[in-house]
Number of protein chains: 2
Amino acid sequence: MVEAAFELADADGLDALTIRAVAARLGVKPMSLYRHVAHKDALLDALVERMYAEVETPDPQRPDWRAELRRRAHSVREVLVRHPWSIALIETRTGPDRPFTFVHAEAVLATLISAGCSPRLASRAFVVLDSYAYGFAVQQVTMPSTEPGEVVTDEFVAAMQQYPSLVAVMGAVMADASYDFVAEFDAGLDLVLDGIDRWREAQLPAVTVGRKQEPRDLG
Amino acid sequence: MVEAAFELADADGLDALTIRAVAARLGVKPMSLYRHVAHKDALLDALVERMYAEVETPDPQRPDWRAELRRRAHSVREVLVRHPWSIALIETRTGPDRPFTFVHAEAVLATLISAGCSPRLASRAFVVLDSYAYGFAVQQVTMPSTEPGEVVTDEFVAAMQQYPSLVAVMGAVMADASYDFVAEFDAGLDLVLDGIDRWREAQLPAVTVGRKQEPRDLG
DNA sequence: TACTCTCAGCGTACTTAGTACTCTATGGAG
DNA sequence: CTCCATAGAGTACTAAGTACGCTGAGAGTA
């Protein structure tokens with residue numbers, strides 16, 4: 001039943017996800033669903049959990065922690081974009097975290113810790129990584145179109161004209177045939193992973209490499 | 001009327017935001033609202049725009065671009081958290097962007113460009129910055145409690161026990177009396193701004209400082 | 001002054017959706 | 001063969017969005 005609801009949300013969006021529609025998809029009468037869920041909200045909770053189940057976790061055992069975290073970040077973005085309704089859902093479900101949340105947090109934190117981060121730093125890095133992945137997904141989903149052969153309406157272009165930097169940027173982006181919004185994710189991810197790596201090094205007592213930045217207090 | 005809806009959403013959340021409730025707050029009958037908006041969705045659009053209006057824009061004229069972008073990022077996070085319903089709304093409003101979106105994009109891009117970024121790089125940096133701010137806000141809003149004197153339920157603690165890294169991290173965080181989730185935002189923001197600064201330098205032909213990383217192709 | 005045009009607001013009523021309460025049928029355990 | 005647990009059905013109530021048509025007050029004009 002969660003599966004039916006999941007497919008329905010994917011196909012027709014959150015608005016189309018009604019108890020009645022889910023029942024119809026299962027060839028069953030609406031009220032029969034309440035044998036299996038307490039109320040619609042519980043079904044939505046289950047959907048979020050179902051969505052999390054698609055996200056790959058990093059493997060703390062593997063030596064290349066950056067590759068692991070990169071893989072997970074990509075997975076987060078992909079899954080959120082594949083199920084755009086889930087972003088809106090996540091925000092409304094504030095309740096005590098679900099099992100899957102724990103599993104993910106554990107995997108990511110363990111990966112960071114075996115990479116040499118202190119627990120305190122791992123916490124910080126985790127938040128930065130996830131913020132980036134979630135936020136990128138939000139932007140990608142919100143964006144009118146992110147296809148390489150992007151279609152822009154005339155009004156859009158007209159409205160844009162009075163904003164010179166915006167025009168310059170759009171021009172540069174459209175002139176770049178290799179531009180791909182999703183590829184931008186990877187670039188930003190490098191930035192974040194590099195930054196975490198620097199934090200990691202700064203925190204380790206032994207190897208102190210030349211840095212322009214003052215080492216920050218990492219707690 | 002948008003104002004009344006805005007206050008209602010802040011006070012009681014999105015679910016309580018019904019046409020009927022807004023009308024009641026205005027001392028008016030429900031159908032009267034349809035004199036002013038085509039349908040509820042249009043009202044929600046207006047709410048998103050109203051929310052954006054609270055976000056400070058950076059000033060491209062000022063010399064300290066990092067300070068400007070930092071100020072804006074803080075503002076984005078604050079406003080989104082102050083109006084938590086807006087995050088869920090944003091995701092569902094995919095339509096052609098609104099005036100305010102243009103204004104913000106222009107200000108941020110102009111700031112980046114006058115800091116010495118190419119338009120192509122400005123585009124990339126903008127996405128990274130906003131991803132971080134949005135994603136952080138999503139996490140903060142989702143979190144059960146982010147108050148310094150955080151209250152954790154017993155079940156939560158019990159369920160956590162089987163995840164050693166999670167336990168270690170929670171322990172480290174709770175042991176740190178100065179820990180403040182919102183302050184973590186600033187740390188991550190430093191990471192992002194540092195990274196953008198590096199991109200900026202790498203892209204400038206003149207000053208090439210020693211770097212461990214291969215310079216990436218920034219287009 | 002009288003007329004009319006516009007527009008904010010009203011009332012009624014239809015539709016969709018969540019769900020409380022109660023009843024039925026079926027299949028397996030004793 | 002009986003009984004119970006459980007999935008599903010039926011009915012019906014409530015909340016919410018909104019189509020449609022009406023009213024009354026104020027502004028501008030003859």
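Model, not experiment: these values are computed from the prediction. Numbered from 1 within each chain, the chains take letters A, B, ... in sequence-line order.
- A salt bridge (Lys or Arg N to Asp or Glu O under 4.0 Å) check over residues 10-21 of chain B, counting only residues at least two apart or in different chains, returns nothing.
- Here A/Trp65 pairs with nothing under the side chain to side chain donor-acceptor pair (under 3.5 Å) rule; sequence neighbours left out.
- Within the structure, every side-chain polar atom (N or O) of A/His36 is placed at least 4.0 Å from both OP1 and OP2 of D/dT6.
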Could you encode protein contacts along nucleotides 12-18 of chain D as a string, one character per nucleotide from 5' to 3', using B for base contact, S for sugar-phosphate-only contact and - for no contact, with a heavy-atom cut-off of under 4.0 Å?
----BBB

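- OP1 or OP2 of C/dA8 has not a single side-chain nitrogen or oxygen of B/Ser32 nearer than 4.0 Å.
- Under the rule for a salt bridge (charged side-chain N to carboxylate O under 4.0 Å, His left out), the partners of B/Asp41 that lie at least two apart in sequence or sit in another chain are B/Arg93.
- The aromatic rings of B/Phe185 and B/His74 lie perpendicular to each other, with more than 60° between the two planes, well past the 30° mark.
- Between the P atom of D/dC22 and the CZ atom of B/Arg35 lies a distance of 13 Å, rounded to the nearest Å.
- Atom-to-atom, CG of A/Leu44 to P of C/dA17 comes out at 15 Å; the value is rounded to the nearest Å.
- Among residues two or more places apart in sequence or in another chain, the side chain to side chain donor-acceptor pair (under 3.5 Å) test is passed with A/Tyr52 by A/Tyr134.
- Partners of A/Arg82 according to the side chain to side chain donor-acceptor pair (under 3.5 Å) rule, which considers only residues two or more places apart in sequence or in another chain, are A/Glu54.
- Remark: P of C/dT24 and NZ of A/Lys29 are 18 Å apart, rounded to the nearest angstrom.
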